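A short worksheet on the structure shown next.
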There are 2 protein chains.
Amino acid sequence: MTPLRVLDISEYKKLQKPTRGREEKVVFREHLKKVGAKHSHQRDVILDEFLKQRSHVSADDLYHKARSRDPRIGFSTVFRTLKLLKDAGLAREVVLADGISRFEQNYKHPHHDHLICTSCNKTVEFFVSEIEDLQERVAKKYHFRMKNHVMVLYGICPDCLKSDRG
Amino acid sequence: MTPLRVLDISEYKKLQKPTRGREEKVVFREHLKKVGAKHSHQRDVILDEFLKQRSHVSADDLYHKARSRDPRIGFSTVFRTLKLLKDAGLAREVVLADGISRFEQNYKHPHHDHLICTSCNKTVEFFVSEIEDLQERVAKKYHFRMKNHVMVLYGICPDCLKSDRG
DNA sequence: GTTAATGCAAAACTTTTGCAAATTG
DNA sequence: CAATTTGCAAAAGTTTTGCATTAAC
C-alpha cells in the first residue's frame with residue numbers, strides 16, 4: 001500500500017508568511033464598496049479579531065473577543081458582520097455535530113477536513129487530495145455540480161485514550 | 001484510472017427484504033427491558049412511523065407524522081423516544097448544514113455519505129469504500145480511535161442545473 | 001442631510017427539562 | 001401500588017429581526 005500523504009494544516013499555517021490581515025482588510029473594504037455598504041469602527045474590530053483566530057469560532061466566541069476590545073460592540077453587529085465576511089469570501093461557515101455554526105478563515109486558507117475528539121474537543125485539520133478526488137468523482141457520477149463539502153471524523157484523541165477519558 | 005465503485009444506497013435499500021420493522025421492534029423491546037424502561041403505546045407509534053421513513057427526519061417531522069396517527073402524542077415524547085432509539089442502535093443522528101438534528105435508520109442500514117442539492121434539497125445516499133479506507137488511515141495517522149464520521153457533499157443536482165435554478 | 005449601521009430587546013427556532021397527572025407492569 | 005412515562009408549559013440556547021438612535025459618507 002502506498003503511504004498516505006496527509007497535509008497537516010496546522011503545519012501549513014505555520015509556514016505561511018503572516019500578512020497581519022493586510023490583504024484581507026483590502027478585500028473587505030472592496031466588498032463593502034461593491035455592495036454599497038459602509039465602513040465602520042465595529043466592523044474593523046470584528047474583522048481584526050476574526051483574523052487572529054487560528055481555528056473556528058462561533059458568533060458568540062467572536063462577540064466576546066470583540067467586546068473585550070470595545071464594550072460598545074453588540075452581538076447583532078458581530079452576527080451581521082460574519083455574514084458580510086462570508087459574502088466577501090473571507091469566512092467559511094461550518095456546522096459540526098453540536099449544531100452550532102462556526103466560522104473559519106477562507107481567504108487563502110485552503111479547504112480542509114476535521115478530526116475532532118469527542119472527549120476533549122481537540123481538533124486536527126487535515127487535507128488528503130485522494131479524498132478530494134474521490135469526492136469529485138462521486139459528484140460527477142451523479143451529475144451534481146459540487147459547491148463545497150464537509151467531512152468530520154469523530155473519535156478519541158491519543159491523550160484522552162491514555163488518560164482513560166475515552 | 002480504475003472505475004469508481006459507488007454503492008448507491010437507495011438501490012441497496014430496494015434490494016433488502018422488507019421486514020416491516022419486525023426485527024427492529026424486538027430490538028427496541030429488548031433495549032427497554034435492559035435499561036428498566038417500560039413499553040408504551042406512544043413509543044410503539046413513534047417507532048412505527050420512524051421505520052416507515054426512507055430518509056432522515058427531524059424530531060419535528062416525526063412529531064407531526066406520529067401526531068397525525070394519534071393526536072395525543074406530544075413533542076417531548078417524540079424527542080425522548082428518539083434518544084431511546086439512538087441508544088438502542090436503531091437510529092443514527094446527523095447534523096447537516098442547517099444545524100438541525102435529523103435521524104436516520106441505523107439497524108442493518110449501513111453507514112453512508114450524503115450528496116445534497118442546495119437548491120431543491122434532493123438527497124443521494126452513497127458509499128465508497130475507498131473513502132472509508134482513507135478516513136481510517138487518517139485517524140490512524142493521528143492516533144485517534146475513530147467512532148464515526150460525517151461527509152456531506154453540497155452542490156446543484158442535474159434537474160436544477162437543467163431548469164437553471166442553480 | 002441622506003443613507004446605512006448599531007445596539008437593544010424581543011421574536012423565532014430548535015432542543016431540553018420540571019412537574020402534576022396518567023399509564024404501565 | 002410503586003415506578004415510569006406522558007403532555008404541557010416553560011426554560012435554555014442559538015439565530016434572526018424591528019426599530020429608534022448613532023455614525024458614515
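A note on names: the letters A, B, ... follow the listed sequences, proteins ahead of strands, and every chain is numbered from 1. Every value quoted in this text rests on a predicted model; they were computed, and no experiment measured them.
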Taking B:Glu93 as the fixed residue, which of B:Lys86, B:Arg102, B:Lys83 is the one that meets the side-chain hydrogen bond (donor to acceptor under 3.5 Å, both in side chains) rule?
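For B:Glu93, the side-chain hydrogen bond (donor to acceptor under 3.5 Å, both in side chains) test succeeds with only one of B:Lys86, B:Arg102, B:Lys83, which is B:Lys86.
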Identify the residue among A:Arg69, A:Lys65, A:His64 that makes a side-chain hydrogen bond (donor to acceptor under 3.5 Å, both in side chains) with A:Glu49.
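Testing each of A:Arg69, A:Lys65, A:His64 against A:Glu49, the sole residue satisfying side-chain hydrogen bond (donor to acceptor under 3.5 Å, both in side chains) is A:Arg69.
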Would you classify B:Ser58 as touching base, sugar-phosphate or nothing, given that sugar-phosphate means primed atoms plus P, OP1 and OP2, and contacts are heavy atoms under 4.0 Å?
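Since no nucleic acid heavy atom lies under 4.0 Å of B:Ser58, the category is nothing.
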With sugar-phosphate meaning primed atoms plus P, OP1 and OP2, does A:Arg80 contact a base, only sugar-phosphate, or nothing at under 4.0 Å between heavy atoms?
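If one applies the 4.0 Å heavy-atom cut-off, A:Arg80 turns out to touch a base.
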Scan B:Phe75, B:Phe103, B:Phe79 and name whichever one has a ring-ring contact (aromatic ring centres under 6.0 Å, His included) with B:Tyr63.
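Of B:Phe75, B:Phe103, B:Phe79, ring-ring contact (aromatic ring centres under 6.0 Å, His included) with B:Tyr63 is met by B:Phe75 alone.
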What is the distance from [atom1] of [X] to [atom2] of [N], rounded to the nearest Å?
{"X": "B:His39", "N": "C:dT23", "atom1": "NE2", "atom2": "C1'", "result": "12 Å"}
{"X": "A:Phe75", "N": "D:dT16", "atom1": "CZ", "atom2": "P", "result": "9 Å"}
{"X": "A:Ile100", "N": "D:dT15", "atom1": "CD1", "atom2": "P", "result": "6 Å"}
{"X": "B:Asp44", "N": "D:dT5", "atom1": "CG", "atom2": "P", "result": "14 Å"}
{"X": "A:Asp98", "N": "C:dT14", "atom1": "CG", "atom2": "C1'", "result": "13 Å"}
{"X": "B:Phe79", "N": "D:dA9", "atom1": "CZ", "atom2": "P", "result": "18 Å"}
{"X": "B:Lys83", "N": "C:dT14", "atom1": "NZ", "atom2": "C1'", "result": "13 Å"}
{"X": "A:Asp70", "N": "C:dA5", "atom1": "CG", "atom2": "P", "result": "18 Å"}

Under 4.0 Å from OP1 or OP2 of [N]: is there any side-chain N or O of [X] that close?
{"X": "B:Gln42", "N": "D:dG7", "answer": "yes"}
{"X": "A:Ser40", "N": "D:dA23", "answer": "no"}
{"X": "A:Ser76", "N": "D:dT16", "answer": "no"}
{"X": "A:Ser101", "N": "D:dT14", "answer": "no"}

Along DNA chain C (nearest heavy atom to each residue), the more 5'-positioned of B:Asp60 and B:Arg72:
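Its nearest nucleotide lies further toward 5', so the answer is B:Asp60.
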With nearest nucleotide decided by heavy atoms, which residue, A:Ile73 or B:Arg29, maps closer to the 5′ end of DNA chain C?
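Nearer the 5' end of the strand: A:Ile73.
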What is the minimum heavy-atom distance between B:Glu125 and B:Arg54, and which atoms define it?
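For B:Glu125 versus B:Arg54, the nearest heavy atoms are OE2-O, 4.3 Å.
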So does A:Lys25 pair up with A:Asp48, basic N to acidic O under 4.0 Å?
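Yes, A:Lys25 and A:Asp48 are salt-bridged.
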Would the base of C:dT24 count as contacting B:Lys38 through its side chain, where contact means a donor and an acceptor less than 3.5 Å apart?
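In this structure, the two groups form a donor-acceptor pair.
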